[in-house]
Every structure is written in structure tokens, then in C-alpha cells.
Amino acid sequence: SNGEDAGAANITQQEYDTNGRLVLRQVKKGVKDFAFSRTLGEGSYSTVVLGTDRQTLKEYAVKILDKKHIIKEKKIKYVNIERDTLNRLIEHPGIVRLYYTFQDNASLYYVLDIASGGELLAVLKKIGSFNEECTRFYGAQIVCAIEHMHDRGVIHRDLKPENVLLDDQMHIKITDFGTAKLLPDPRDATAPQGEQNFVNPEQEESNRARSFVGTAEYVSPELLRDKHACKSSDLWAFGCMIYQLLAGRPPFKASNEYQTFQKIVNLEYEFPPGFPHAAKDLVERLLVLDPQRRLSIEHIKNHEFFDGVKFGRSLWRLKAPRLM
Ligand SMILES: Nc1ncnc2c1ncn2[C@@H]1O[C@H](COP(=O)(O)OP(=O)(O)OP(=O)(O)O)[C@@H](O)[C@H]1O
Ligand SMILES: O=C(O)[C@@H]1CCC(=O)N(CCc2ccc(Cl)cc2)[C@H]1c1ccccc1Cl
């Protein structure tokens with residue numbers, strides 16, 4: 001055989017029927033079902049290639065991982081986390097959707113939404129900084145995507161403008177879940193909800209992740225101090241991104257990682273002159289050393305900076321503001 005994985009035949013596609021019931025559709029997708037063309041980008045362990053479904057002509061971003069490289073770099077855990085996480089975050093407009101996974105002898109394939117607008121970081125670099133209206137629009141979309149992740153027990157742990165991709169409508173698609181932390185899925189009502197309330201979050205080991213450190217500029221103080229990331233660590237990164245969109249640079253940046261970490265744990269940052277007042281207040285309430293005292297998602301959505309924003313499905317139908 002051409003090394004096609006027999007497993008490809010039993011790939012199921014998860015979909016919701018009109019009553020919101022999860023249906024698994026037997027979908028036979030494999031390498032042969034796609035025509036691969038230009039490369040969209042390269043990662044440390046992956047290449048992302050434009051793949052066109054030969055039957056539907058729909059275009060996808062196909063993330064291809066070389067098995068030998070994954071094994072050599074001991075990244076098998078990363079592979080399984082990315083698949084499990086993407087399978088849990090099935091249906092949100094602000095998160096890259098995983099349609100199929102399959103493999104052949106040499107590679108693993110993830111068939112994803114294509115985000116043809118590239119990375120938010122690249123757009124930010126091109127125009128220098130965003131005005132308030134653009135920061136409000138992209139900030140609102142990002143906080144909605146974070147809310148969805150947290151509701152499904154997913155901590156991203158490496159949120160940054162490089163991982164916020166843009167689709168052809170210039171709406172966001174958050175990606176890069178290989179380093180996420182999966183908490184028990186709150187929707188699996190295995191233990192009666194009541195019992196869970198008595199677990200002290202401090203002791204609940206699974207509520208906090210130990211192993212991974214993200215990108216220096218966006219790492220939270222709790223991760224540096226006691227190696228624990230929690231959901232609130234994603235909100236620290238959110239605060240860094242709001243600052244960066246308006247200021248054109250991240251709040252904590254030094255000439256090397258160690259000095260950047262020093263600035264973070266000592267909360268050494270300041271606002272450039274002219275930084276908008278409401279945004280300054282929002283950032284100040286997010287860049288708080290104690291994760292328990294950081295704004296919650298609900299408080300962020302109700303913050304003055306987001307006055308006038310209607311959070312919900314309508315946010316994803318809005319025309320993206322012209323970037324300036
Ligand atoms: N869904 C997508 N649509 C369009 N381009 C994408 C998509 N996913 C990733 N890319 C592009 O491909 C490049 C590689 O992405 P990938 O997620 O494989 O690696 P990475 O996470 O960026 O790198 P690393 O593994 O070092 O963190 C990225 O720079 C991104 O610009
Ligand atoms: O869970 C799945 O979707 C299948 C299940 C069957 C299977 O064998 N794999 C691949 C497992 C794997 C992981 C890493 C390497 Cl280096 C090789 C194989 C899984 C897989 C296939 C394609 C892409 C990702 C993954 Cl995890």
C-alpha cells in the first residue's frame with residue numbers, strides 16, 4: 001500500500017445536529033483526499049501547507065508533523081495534547097477548528113481552518129500600533145475566545161499576538177494548542193457538581209499546570225514564582241496584548257529573558273504618554289501579581305474600555321475595523 005494509514009478509514013467527524021446533539025459522522029479522509037500546494041508557514045516541529053479537498057474544493061491549512069522528528073524531540077505528548085485540545089474546542093468562531101487528523105508512514109496531518117490574514121503580530125508590526133477602536137474590536141474577540149477555552153477547561157498558556165491568526169474577514173482565529181493545559185472537562189458531569197465546590201482550588205492539582213513555560217514577554221508572575229499556570233495566567237497574557245496593541249510593544253521587554261522575567265515579577269512597566277485612560281485602567285487591573293486579584297472574564301467584558309461592545313454571536317458578524 002502507499003503507506004496510507006488504515007486508521008484513516010475510521011476517522012470520525014464530530015458535528016452537532018439541529019438539536020445540538022453531537023453526531024459522529026464516519027468520514028474517510030486521508031492524504032489522497034487533498035491536493036497540497038503552497039507552504040503557509042513553518043514551525044519548530046511542523047510545516048503548514050495549503051490543502052484543497054479534492055471533492056469539495058474547500059481549502060484548509062494542513063499542519064504536517066514528521067514522526068521521526070517528533071520522536072527524536074520527544075514531543076509525542078505535545079501531539080496528543082494538540083489533538084485532544086482542538087477536539088474539545090470544537091465550535092467557536094475565534095478558535096482554529098480541527099476538521100480531520102490522519103497519518104501515513106512518515107507524517108501526522110491536522111486539517112485546520114485556514115487563516116489567510118496571517119498573524120496579528122505581523123499586522124501590528126506593519127502599522128506600528130492600533131488605535132482604540134481596533135484594539136477594542138480585537139480585544140473583545142480575544143476575550144470571547146479565552147472565555148470559550150476556559151469554559152471547556154482549557155488553559156492556553158502561550159497566548160501572544162503570534163498565536164492570534166486572522167481569517168479572510170480579518171476576524172481572529174486563535175491557534176497553537178500543543179502547549180495548552182487540559183483541566184477535567186467541566187461538561188463531563190461525572191462527579192455531581194456540588195462535590196466539586198468543596199475542592200480547594202489551591203489543592204486541586206489539576207487546576208494548575210506545572211510543566212511548561214510560555215514565551216518570555218507574556219509569561220505570568222505565578223508561573224515564574226511557583227511554576228503554576230492557572231486560567232488567570234491567560235488573562236495576564238491578555239493584559240500584555242492589550243498594552244502591546246496600543247503601545248506597539250509588549251509591557252515587559254528586556255535585552256534577555258532573565259531580565260524580562262525580573263521586570264515581570266517586580267511589575268516593572270510603565271505606560272507611554274497618551275495611552276488611553278480606560279485602556280490603562282483595564283491593563284492595570286490585569287497586570288496584577290496575585291492571580292486571584294486579576295480581573296475575571298466577566299469583569300473584563302463589563303469594563304469601561306469595552307463600553308458599547310455587544311459580546312456574543314453578533315461580534316463575529318461585525319465588519320472588522322480598518323486597521324490603523
Ligand atoms: N491555520 C493556519 N492558517 C494559516 N497559517 C497558519 C495556520 N496555522 C499556522 N499557520 C502558519 O504556519 C506557521 C507554523 O505554524 P505552527 O503552528 O505549525 O508552528 P508554530 O506554533 O508557529 O511554531 P512553533 O511550533 O515553533 O511554536 C505559523 O507561523 C503560522 O503563521
Ligand atoms: O488520535 C488520533 O487522531 C490518532 C489515533 C491513532 C494514531 O496512531 N495517532 C497518531 C499517534 C502518533 C503520535 C505521534 C507519533 Cl510520532 C506517531 C503516532 C493519532 C493521530 C493521528 C494524526 C494526527 C495526530 C494524532 Cl494524535
Side-chain angles (χ1 to χ4, degrees), residues 3 5-8 10-12 14 29 31 41-49 61-90 92 95-113 145-146 148-160 162-165 173-188 190 201 203-216 218-220 222-234 236-237 257:
D5 171 50
N10 64 13
I11 294 290
T12 56
Q14 304 182 334
K29 288 289 176 190
V31 183
E42 307 274 345
S44 327
Y45 313 99
S46 50
T47 304
V48 180
V49 181
V62 185
K63 183 165 177 171
I64 306 173
L65 290 90
D66 177 80
K67 288 182 180 177
K68 281 197 300 298
H69 187 48
I70 293 287
I71 292 169
K72 187 160 56 65
E73 302 286 319
K74 299 187 179 33
K75 291 288 171 187
I76 295 194
K77 189 163 168 283
Y78 163 107
V79 163
N80 290 312
I81 290 176
E82 181 148 47
R83 178 220 41 217
D84 293 343
T85 309
L86 286 169
N87 278 335
R88 204 187 275 191
L89 303 171
I90 295 180
H92 192 277
I95 294 172
V96 149
R97 179 170 166 187
L98 172 66
Y99 295 87
Y100 317 103
T101 55
F102 47 79
Q103 59 183 305
D104 58 20
N105 280 347
S107 311
L108 299 173
Y109 300 80
Y110 296 79
V111 179
L112 303 160
D113 274 322
I146 295 175
H148 179 74
M149 288 176 219
H150 289 183
D151 287 351
R152 297 264 187 305
V154 173
I155 309 174
H156 187 284
R157 298 201 296 178
D158 196 15
L159 283 175
K160 52 183 178 177
E162 293 96 309
N163 287 337
V164 179
L165 303 184
K173 289 272 182 218
I174 292 188
T175 186
D176 214 355
F177 289 90
T179 49
K181 176 69 192 167
L182 283 178
L183 305 174
D185 191 335
R187 290 168 303 159
D188 294 348
T190 39
Q203 277 136 22
E204 184 49 62
E205 186 58 23
S206 66
N207 276 355
R208 307 157 65 102
R210 293 187 60 82
S211 56
F212 164 79
V213 174
T215 307
Y218 306 89
V219 167
S220 61
E222 60 272 15
L223 195 64
L224 293 170
R225 211 181 26 243
D226 47 270
K227 298 258 168 294
H228 280 140
C230 50
K231 288 181 176 177
S232 175
S233 307
D234 282 342
W236 170 278
E257 276 201 355

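If you're wondering where the values come from, they're calculated on a predicted model, not measured in any experiment. Positions are given from 1, in the same order as the sequence printed here.
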Separation between [atom1] of [X] and [atom2] of [Y], rounded to the nearest 0.5 Å:
| X | Y | atom1 | atom2 | answer |
| --- | --- | --- | --- | --- |
| Leu165 | Thr175 | CG | OG1 | 5.0 Å |
| His69 | Ser44 | NE2 | OG | 7.0 Å |
| Leu182 | Phe177 | CG | CZ | 10.5 Å |
| Ile95 | Leu112 | CD1 | CG | 12.5 Å |
| Ser46 | Glu42 | OG | CD | 8.0 Å |
| Ile155 | Thr179 | CD1 | OG1 | 11.5 Å |

Check: [Y] main-chain N/O paired with [X] side-chain donor or acceptor under 3.5 Å:
| X | Y | result |
| --- | --- | --- |
| Lys231 | His150 | yes |
| Asp113 | Arg97 | yes |
| His156 | Asp176 | yes |
| Tyr110 | Val79 | yes |

Check [X] against [Y] and note the closest heavy-atom contact, atom names and distance.
| X | Y | value |
| --- | --- | --- |
| Ser220 | Ser233 | OG-OG, 3.5 Å |
| Arg88 | Pro184 | NH1-C, 4.1 Å |
| Ala237 | Tyr218 | CB-O, 4.1 Å |
| Asp104 | Lys67 | O-NZ, 2.9 Å |

If we only count heavy atoms from C-beta on, is the [X] to [Y] side-chain gap below 4.5 Å?
| X | Y | result |
| --- | --- | --- |
| Val96 | Ile174 | no |
| Glu82 | Lys75 | no |
| Phe102 | Val31 | yes |

Sequence neighbours left out, what passes side chain to side chain contact (heavy atoms under 4.5 Å, CB included) with Ile81? Give chain and number order.
Lys77, Thr85
Sequence neighbours excluded, the answer for side chain to side chain contact (heavy atoms under 4.5 Å, CB included) partners of Val48 is Leu40, Ala61, Lys63
Could you pull out all residues at least two apart from Arg152 that satisfy salt bridge (charged side-chain N to carboxylate O under 4.0 Å, His left out)?
none
Will you find, in the side chains of Tyr45 and Asp66, an N or O donor that is under 3.5 Å from an N or O acceptor?
no
Please identify each residue that fulfils side chain to side chain donor-acceptor pair (under 3.5 Å) with [X], with sequence neighbours left out.
| X | answer |
| --- | --- |
| Asn163 | none |
| Lys160 | Thr215 |
| Lys173 | none |

Got a sec: does the NZ of Lys68 have more than 12 other heavy atoms crowding it under 6.0 Å?
no
As a quick check of understanding, evaluate side chain to side chain contact (heavy atoms under 4.5 Å, CB included) for Leu98 and Asn87, giving each step before the final call.
CA-CA 7 Å; Leu98 172 66; Asn87 278 335; 3.7 Å; yes
